[in-house]
Amino acid sequence: MGGRRTEEAAHGNAPPKPGPSRVQRDARPEGTCIQVGRVEVGGPGFVVMAGPCAVEDAEQTERTAAAVAAAGAHVLRGGVFKPRTSPYSFQGLGEPGLHLLAEAGRRHGLPLISEVMDASQLPLMAEYADILQVGARNMQNFTLLRALGKVRRPVLLKRGLAATIEEWLMAAEYVLDGGNEQVMLCERGIRTFEPAMRNTLDLAAVAYVKERTHLPVIVDPSHATGDPKLVVPMSLAAAAAGADGLLVEVHPWPERALCDGAQALTPERFQELMRRLPAVLQAVDRHLWRPESPAQLVGVR
Ligand code: PEP
Ligand code: MN
């Protein structure tokens, strides 16, 4: 079992605490499978969530949804509340953006994932989003984590910019402890000494948390690398490392995007990714999620 060093304990401010327990693999050795619409995250099927960083307007949302659905994505992503480094950057469309995302999702039969930045947004977000995303900058927003423990909606918990695995799992523990067991972890790259890429994708953490916990693990290769040329190879590597799915940014016109255009895949490159994933998944005894996945058939019998 990994180290139990928390930031407080490392400085002698608190007695050593027991490590996370509800998230631990022993709590559910068979693993957790989360239902999102008709899609299952954490079963044998590998789930691809794709869409723009931010919902910008009706046409961009529709074009992206149509493209990712046609390529075989399972869940539509799109931020409407954006945690931006600068207060002068585009902050997202808010509720009107959520309506655009919901309409596009309905038209193309895709459930939605969108970020909730604050507990006060939860009633609205829970009404529209099938998965509530907690951003890296909010991983230790304990008020939000507690509030998410009280909702009956799947949560995708991103790893903080500089969070240890222990801190990440403790954050997940807050949500489970509140009574919501539908938590998926998302590795989105961490800050290291390496400036060549936006972040450093910690794929060893993916294999590690898969061993250590029963929670599904998703990889976000877009924020992890910041470079569309690296998104396809790192997505394939994530599939090989045992991830249960991907969260990928796609934009029909990346050069015009209001947010994270530099890392967005074009629809063509996303199609290429979807074409190349099955061979890698097959090598690790997985496949892209499809309705007739064996886990579903078991439920039917
Ligand atoms: C996002 O998914 O657009 C996002 C803001 O990601 P992160 O929280 O990982 O930076
Ligand atoms: Mn983004």
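Residue indices begin at 1 and follow the sequence shown. In listed order, ligands and their atoms are each counted from 1.
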- Purely on distance, is any nitrogen or oxygen of Lys82 under 3.5 Å from one on ligand 1? yes

- Message: According to salt bridge (Lys or Arg N to Asp or Glu O under 4.0 Å), who are the partners of Asp244, at least two apart in sequence or on a separate chain?
- Response: Lys210, Arg286

Using a 3.5 Å cut-off and no angle test, enumerate the donor-acceptor pairs between side-chain atoms of residues 47-56 and protein atoms at least two apart in sequence or in another chain.
| from | atom 1 | to | atom 2 | distance (Å) |
| --- | --- | --- | --- | --- |
| Glu56 | OE1 | His251 | NE2 | 3.3 |
| Glu56 | OE2 | His251 | NE2 | 3.2 |
| Glu56 | OE2 | Leu258 | N | 2.9 |

Quick test: of every protein heavy atom, which one is nearest to [atom], and how far off is it to 0.1 Å?
{"atom": "atom 8 (O) of ligand 1", "value": "Ala136 N, 2.8 Å"}
{"atom": "atom 9 (O) of ligand 1", "value": "Arg188 NE, 2.6 Å"}
{"atom": "atom 6 (O) of ligand 1", "value": "Lys158 NZ, 2.9 Å"}
{"atom": "atom 4 (C) of ligand 1", "value": "His223 NE2, 3.4 Å"}

- Please state whether the rings of Trp289 and His74 are parallel, tilted or perpendicular, taking 30° and 60° as the class boundaries. perpendicular

Which of the ligand 1 atoms, numbered from 1, are nearer than 4.0 Å to a heavy atom of [X]:
{"X": "Cys53", "result": "3 (O)"}
{"X": "Glu249", "result": "1 (C), 3 (O)"}
{"X": "Gly135", "result": "8 (O)"}
{"X": "Arg77", "result": "1 (C), 2 (O), 3 (O)"}

- Message: Starting from Leu230 and following side-chain heavy-atom contacts under 4.5 Å between hydrophobic residues (I, L, V, M, F, W, Y), which residues can be reached?
- Response: Met197

- Message: So, applying side-chain contact (heavy atoms from CB on, under 4.5 Å) with Leu156, which one of Val41, Ile131, Asp220 is it?
- Response: Ile131

- Task: Compute the minimum heavy-atom distance from Gly79 to ligand 1 and say whether it is under 4.0 Å.
- Result: no

- Message: Could you enumerate the protein N, O or S atoms under 2.8 Å from the Mn ion (ligand 2), written like residue then atom name?
- Response: Cys53 SG, His223 NE2, Glu249 OE2, Asp260 OD2

- Item | Backbone N/O of Asn141 and side chain of Asn138: donor-acceptor pair under 3.5 Å | no

For the pair [X] and [Y], find out whether any cationic side-chain nitrogen is under 4.0 Å from an anionic carboxylate oxygen.
{"X": "Arg25", "Y": "Glu211", "answer": "no"}
{"X": "Asp177", "Y": "Arg22", "answer": "yes"}
{"X": "Glu181", "Y": "Arg28", "answer": "yes"}
{"X": "Asp260", "Y": "Arg198", "answer": "yes"}

- Item | Pair Phe81-Gln121, side-chain contact (heavy atoms from CB on, under 4.5 Å): steps then yes or no | CA-CA 9 Å; Phe81 295 112; Gln121 297 163 352; 3.5 Å; yes

